[in-house]
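First the proteins, then the strands, lettered A, B, ... as listed; each starts at 1. Hydrogens, waters and symmetry mates are skipped; everything else that's a heavy atom, side chains included, is used.
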Number of protein chains: 2
Amino acid sequence: MSKAAKIPAPTIKRLAYYSRPLEELLDSGPPVISSEGLATLCGVQPAQVRKDLAYFGEFGVRGVGYNVRELLQEIKRILATDRRVPLCIVGVGNLGTSLIENENFKKRGYIFEAAFDSDPEKQGQKLSCGLIIEPNSRIKAVCQTKKIEIGVIATPPHVAQRVCRRLLNAGVRGILNFSPIQVRTTAEVQAENVDFTVKLENLAYHLHRLDASGE
Amino acid sequence: MSKAAKIPAPTIKRLAYYSRPLEELLDSGPPVISSEGLATLCGVQPAQVRKDLAYFGEFGVRGVGYNVRELLQEIKRILATDRRVPLCIVGVGNLGTSLIENENFKKRGYIFEAAFDSDPEKQGQKLSCGLIIEPNSRIKAVCQTKKIEIGVIATPPHVAQRVCRRLLNAGVRGILNFSPIQVRTTAEVQAENVDFTVKLENLAYHLHRLDASGE
DNA sequence: GCCTGTGAATCCATTCACAGCT
DNA sequence: AGCTGTGAATGGATTCACAGGC
């Protein structure tokens with residue numbers, strides 16, 4: 001049943017997590033893995049693994065388990081990672097540079113094909129990957145000709161919303177926002193926000209909680 | 001009722017989100033805000049805001065709303081952000097550098113007080129913030145004398161687990177992991193994982209889904 | 001016997017709707 | 001009158017437990 005049923009959002013996220021250990025098992029491990037095996041590798045329950053996968057089809061063999069290679073392929077197909085996804089980045093500071101050089105992006109087909117920065121000093125510079133930094137005013141033209149699908153925002157917060165509008169205007173289909181504000185998008189364009197400080201605040205809360213209960 | 005009740009994890013995350021617009025309102029906006037006002041600023045339901053806050057006390061005034069300054073203070077107290085939290089970082093590449101220079105961390109009291117890297121070339125170098133990069137072998141000694149509470153992992157994946165063990169051994173209370181593997185910790189030490197590619201895979205799934213249903 | 005796939009049961013979080021305070 | 005605080009109702013997601021197939 002590959003019917004477009006309602007898939008829980010957490011399921012999608014977990015599929016990505018499942019794929020990590022599967023990639024390692026591919027060369028070094030056994031060719032088959034049980035839901036229990038994969039579950040412990042990812043820190044979830046076995047039943048969760050089975051239910052998640054069952055939303056998309058019957059990938060396993062009863063009494064045996066899941067074929068690692070096939071399963072990985074299926075997951076990649078579901079997540080649409082079995083193809084090249086062109087990205088652009090706006091804001092080539094330290095964070096931007098680390099994203100551009102990130103091996104995991106490349107390995108999974110997420111390729112930066114354009115880089116923009118509002119700093120005239122940086123414009124024209126050539127990056128290690130061969131890209132040349134262009135001014136933000138070129139966002140629309142470049143994204144359209146290069147058919148950029150996802151725009152990554154790595155700018156300071158005060159320009160993030162403006163950059164976001166430019167990207168939407170340029171026709172990107174998704175936004176990955178690293179600035180600490182919530183950017184607004186249209187209904188068709190999904191935005192994912194990555195706010196590091198939220199994670200730190202979570203940690204701070206929990207370790208303080210332990211202190212409070214402990215003494 | 002500031003009783004240590006069971007607080008839902010999503011509530012903690014949202015508290016951090018609430019604090020962002022409150023900080024801006026502090027100087028520029030009105031001194032009081034309703035649950036509805038805050039809700040629309042954060043993209044959640046008004047009832048959600050009220051319930052989240054009510055877990056920790058009665059901060060509002062019926063018929064009026066919440067005092068912006070007081071509410072922000074309370075949230076900071078709850079999240080234990082009203083204090084200085086010493087961090088260390090392991091892995092001073094592009095990502096590590098961008099984290100160290102991140103203004104939002106500093107602004108919220110998260111201060112890097114030690115930096116480690118396994119690359120001998122980098123060891124001894126002085127960073128813009130004044131820190132000197134030390135070898136990973138010094139993690140335990142330095143973290144203990146500087147009372148580091150949270151360790152940030154910004155290394156390549158294959159060393160992440162080893163670094164994590166060192167940090168645990170050095171007595172950190174929390175781990176913020178930027179490498180794409182799930183690090184294992186002890187029960188008392190919470191780990192937060194930030195995996196950028198998971199976010200991209202989410203986006204890829206959704207935009208592909210739209211394609212599939214559209215044509 | 002073993003492990004998947006899945007309805008049923010449980011658990012958890014969100015939303016509703018209104019009582020209670022100012 | 002207006003808006004918070006909160007039990008009750010709803011809606012989702014996880015877990016259980018077992019039927020079904022290797």
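The existence of a salt bridge linking B:Glu58 and B:Arg50 is excluded, since no basic side-chain nitrogen approaches an acidic carboxylate oxygen closer than 4.0 Å.
Applying the ring pair (Phe, Tyr, Trp, His ring centres under 6.0 Å) rule to pairs touching residues 161-188 of chain B yields A:Phe196-B:Phe178, sequence neighbours excluded. The salt bridge (charged side-chain N to carboxylate O under 4.0 Å, His left out) pairs that include a residue from residues 61-76 of chain A are A:Glu74-A:Arg77, where partners are two or more places apart or lie in different chains. Residue pairs meeting the salt bridge (charged side-chain N to carboxylate O under 4.0 Å, His left out) criterion with at least one partner in residues 17-41 of chain A, sequence neighbours excluded, are A:Arg20-B:Asp195, A:Arg20-B:Glu201, A:Glu23-A:Arg108.
In this entry the distance linking CG of A:Asn67 with P of C:dT4 reads 13 Å, nearest Å. Straight-line distance from the OH atom of A:Tyr66 to the P atom of C:dC2: 18 Å, rounded to whole Å. Summarising the geometry, the separation between CG on B:Leu71 and P on D:dC3 is reported as 16 Å, rounded to the nearest angstrom.
What you find for A:Leu203 and B:Gln190 is that their closest heavy atoms are CD2-O, 3.5 Å. Across every non-hydrogen atom of A:Leu168 and A:Thr186, the tightest pair is CD1-N, 4.1 Å.
By the 4.5 Å heavy-atom criterion applied to side chains, B:Ile148 and B:Glu113 are counted as neighbours. Counting heavy atoms from C-beta outward, B:Ile100 and B:Phe105 have side chains that stay 4.5 Å or more apart. A:Thr11 places a side-chain heavy atom less than 4.5 Å from the side chain of A:Phe56.
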For nucleotides 10-17 of chain C, read 5' to 3', which letter fits each nucleotide if B means a protein heavy atom sits under 4.0 Å from the base, S means only the sugar-phosphate is that close, and - means neither?
---SSBBB
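Remark: B:Ser34, B:Ser35 in residues 31-43 of chain B come within less than 4.0 Å of DNA chain D through at least one heavy atom.
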Tabulated below should be each protein N or O lying under 3.5 Å from an N or O of nucleotides 20-22 of chain C; please produce it.
unit_1	atom_1	unit_2	atom_2	d
C:dG20	N3	B:Arg62	NH1	3.3
C:dT22	O4'	B:Arg62	O	3.4

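When only modelled atom types and interatomic distance are considered, A:Asn94 and B:Glu101 share a side-chain donor-acceptor pair under 3.5 Å.
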